[in-house]
There are 2 protein chains.
Amino acid sequence: MRPTMKDVAAEAGVALKTVSRVVNNEPGVNAATAERVRAAIERLGYSRNESARVLRQGRTSSIGLVIEDVGDPFYSGVSRAVEEVAIKHGSLVLSGSSGEEPAREKELVLTFCTRRVDGLIVVPAGSDHSYLRAELDAGTPAVFVDRPAGPGLDVDTVLCDNAGGARLAVEHLLARGHRRVAFLGDSPAIYTASERERGYREALGDLVDERLISMAQPSLDGARAVLDRMLGMDDPPTALFTGNGRCTVTALRALEGQRIALIGFDDFELADLLNPGVSVVAQDPAGLGRVAAELLFRRIAGDVGPVERITQPVRLVARGSGEIGPTGMPTG
Amino acid sequence: MRPTMKDVAAEAGVALKTVSRVVNNEPGVNAATAERVRAAIERLGYSRNESARVLRQGRTSSIGLVIEDVGDPFYSGVSRAVEEVAIKHGSLVLSGSSGEEPAREKELVLTFCTRRVDGLIVVPAGSDHSYLRAELDAGTPAVFVDRPAGPGLDVDTVLCDNAGGARLAVEHLLARGHRRVAFLGDSPAIYTASERERGYREALGDLVDERLISMAQPSLDGARAVLDRMLGMDDPPTALFTGNGRCTVTALRALEGQRIALIGFDDFELADLLNPGVSVVAQDPAGLGRVAAELLFRRIAGDVGPVERITQPVRLVARGSGEIGPTGMPTG
DNA sequence: GTGAAAGCGCTAACAG
DNA sequence: CTGTTAGCGCTTTCAC
């Protein structure tokens, strides 16, 4: 169907290998011959079959990316950055969403391996990654992003400072006079959620009140019930710290305009347009993706240095909601 | 390095082909033999090299997806849906962002073709797709999404009703008494932008005033200047129609709370949380992606019916900003 | 400079 | 039920 190198060789009246040389810009081909080959390629509309090249060379020039959900702005930011770096290295990206299901994560990773990707970038959904051991041993490097690999797997990891960010947020609220700070986080099974909870507890110290902590998948009704209960207490929270972007948005909807200090983990588009603007602890998804991808390509290129564990800083972006005082009035 | 079928065959004491049969679940293998092979596979940690299979079968079980930017929520929605459908068909997705650059689009498409993807889904950035002719002729089906292919290329296309949606928005404003409706759209070189402009003009008819139309890349300062100019006129607009999600957000920022009726094309997260809620013409990115992918897989499966041009409906979501009257007061 | 031959790991086609 | 042979399209090796 499609013309092959053999066809081009016949058309140009040269040997197969000469075509290969021209296609790969290898030196040692007479300029006139090369020109004849190029003409034949043009005439036949030849394009190299990468599958055959891959089979022979063992390098696919592609990497696998497993994230939680491309539809989520945080992960699509990571995605975009990874793609960018991959292009720069002449590599393509095979990507898939795990939807927070460990089985799906495993399936995607193994499928990518079966395609012999040169490397893997994984936002893990599960906590058992023993299935990766064989692939790592076979020489496929992997970098974990946003969450660490399960126990027993020593692998490059790029995280952001979850606990530190949470401390930052809570300290910001404490400095403005709050003593009753509630926490709405995602399921503690998720690494980032439990790390942020840890930072929250560390910052609050003796002020921790278990009744002000709720860790669960954020549904609107659920959040509403939780907030109603908390705000109905004798000593209700005067501030709220939400554990990720989805929690923040859910909480904002559930609050229905009730005025309470709020800081959310994760920045989101339009946070500045709400009234008051939503103060957040901002991560840098693009930075996360870029650093992870660059590390991966270093490994692919043969870097066998010790396992790296990189923590990216986060920063607090004050927009108003986090600067409301315990009495409901804005503070410095 | 990695074990091959040959290794497994040796380990199990059978012929290569028997291993192949077991790996592919082909019938006609003695249960005991199959078990022996499976044990060998397990022992050696064998996983099939998909590259070799691809080379032999000519099917890569992968499709290429070219969008404008994975980081954009609209396109990541499309992406997610495509991925979903692909998984269902046992296919992987190679994806890349064109960043609205025709050269990048072409490069991505051709790279995917060189990898022999089974099919292509393309959100075109450019308007010349003659480079695709050879690939289509070679039997690689393609579906264009969101925007049609350039002239001369008869190919399956899934669009949404851009002009109809724009009409819907403008008529909604007209019905509430507006006579001065401005339009802030993206560059008219982009198909969706010019289609929406067309719908806007059709709905307004004689009320069109060229001074109320601005079509350009939406920068914040640019939007601010345009809006200042328009709102400073003797007969300023009382309503604004924005041509896509980015334009809407930019306009909202530029307006800085100035109260004017507004309807935007494209829905966006948190539109309901702003005050007033932002009325929009909502597309269905997931639907767009799903329909396109399903059509593509029908083609890959051999459907050679006539070229399809599918238009997806849009719907108006009233949230408040589009229901402000010419005097600035809410209307029914 | 150029070319012939071998083989990457697998599946298709046929033979036993 | 099992095995043998050929060959997908390319790169590698070595010979001319």
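Everything numeric in this text was worked out from a predicted model, so none of it was measured. Reckoned from all heavy atoms, side chains included, excluding hydrogens, waters and symmetry mates. Residue numbers start from 1 in every chain, and the chains themselves are labelled A, B, ... in the order their sequence lines are given, proteins ahead of strands.
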| query | Is the closest side-chain donor-acceptor distance between A:Thr60 and A:Asp118 under 3.5 Å? | reply | yes
Any salt bridge linking [X] with [Y]? Criterion: basic side-chain nitrogen under 4.0 Å from a carboxylate oxygen.
{"X": "B:Glu83", "Y": "B:Arg290", "result": "no"}
{"X": "B:Glu84", "Y": "B:Arg80", "result": "yes"}
{"X": "A:Arg147", "Y": "A:Glu100", "result": "yes"}
{"X": "A:Arg104", "Y": "A:Glu107", "result": "no"}

| query | Should we count CD of A:Gln217 as having more than 12 external heavy atoms under 6.0 Å? | reply | no
If I take atom [atom1] in residue [X] and atom [atom2] in nucleotide [N], what distance separates them, rounded to the nearest angstrom?
{"X": "A:Arg48", "N": "D:dT11", "atom1": "CZ", "atom2": "C1'", "answer": "10 Å"}
{"X": "A:Leu44", "N": "D:dG9", "atom1": "CG", "atom2": "C1'", "answer": "15 Å"}
{"X": "B:Glu50", "N": "C:dC8", "atom1": "CD", "atom2": "P", "answer": "19 Å"}
{"X": "B:Arg2", "N": "C:dC8", "atom1": "CZ", "atom2": "P", "answer": "17 Å"}
{"X": "A:Leu16", "N": "D:dG9", "atom1": "CG", "atom2": "P", "answer": "11 Å"}
{"X": "A:Met5", "N": "C:dA4", "atom1": "CE", "atom2": "C1'", "answer": "16 Å"}
{"X": "B:Arg115", "N": "D:dC10", "atom1": "CZ", "atom2": "C1'", "answer": "14 Å"}
{"X": "B:Glu26", "N": "D:dG3", "atom1": "CD", "atom2": "C1'", "answer": "13 Å"}

| message | Just to be sure I understand the rule, does B:Val14 reach a base, reach only the sugar-phosphate, or reach nothing, if contact means heavy atoms closer than 4.0 Å? | response | sugar-phosphate
| said: Please classify the nucleic acid contact of A:Val54 as base, sugar-phosphate, or nothing, using heavy-atom distances under 4.0 Å. | reply: nothing
Looking at [X], does any N or O in its side chain come under 4.0 Å of the phosphate oxygens OP1/OP2 on [N]?
{"X": "B:Thr18", "N": "D:dG3", "answer": "yes"}
{"X": "B:Arg116", "N": "D:dG9", "answer": "no"}
{"X": "A:Asn49", "N": "D:dC8", "answer": "no"}
{"X": "A:Thr33", "N": "C:dT2", "answer": "yes"}
{"X": "A:Gln57", "N": "D:dT12", "answer": "yes"}
{"X": "B:Ser20", "N": "C:dT11", "answer": "yes"}
{"X": "A:Arg56", "N": "D:dC8", "answer": "no"}

| query | Which of the following nucleotides, C:dT11, D:dT2, C:dC8, is nearest to the side chain of A:Leu55? | reply | C:dC8
| Out of D:dC10, C:dA13, C:dT2, which nucleotide sits closest to the side chain of B:Lys17? | C:dA13
| message | Quick check: on DNA chain D, is the nucleotide nearest B:Ala31 upstream (toward 5') of the one nearest B:Ala52, or the reverse? Name the residue that is more 5'. | response | B:Ala31
| message | Can you work out whether B:Arg21 or B:Arg53 has the more 5'-proximal nearest nucleotide on DNA chain C? | response | B:Arg53
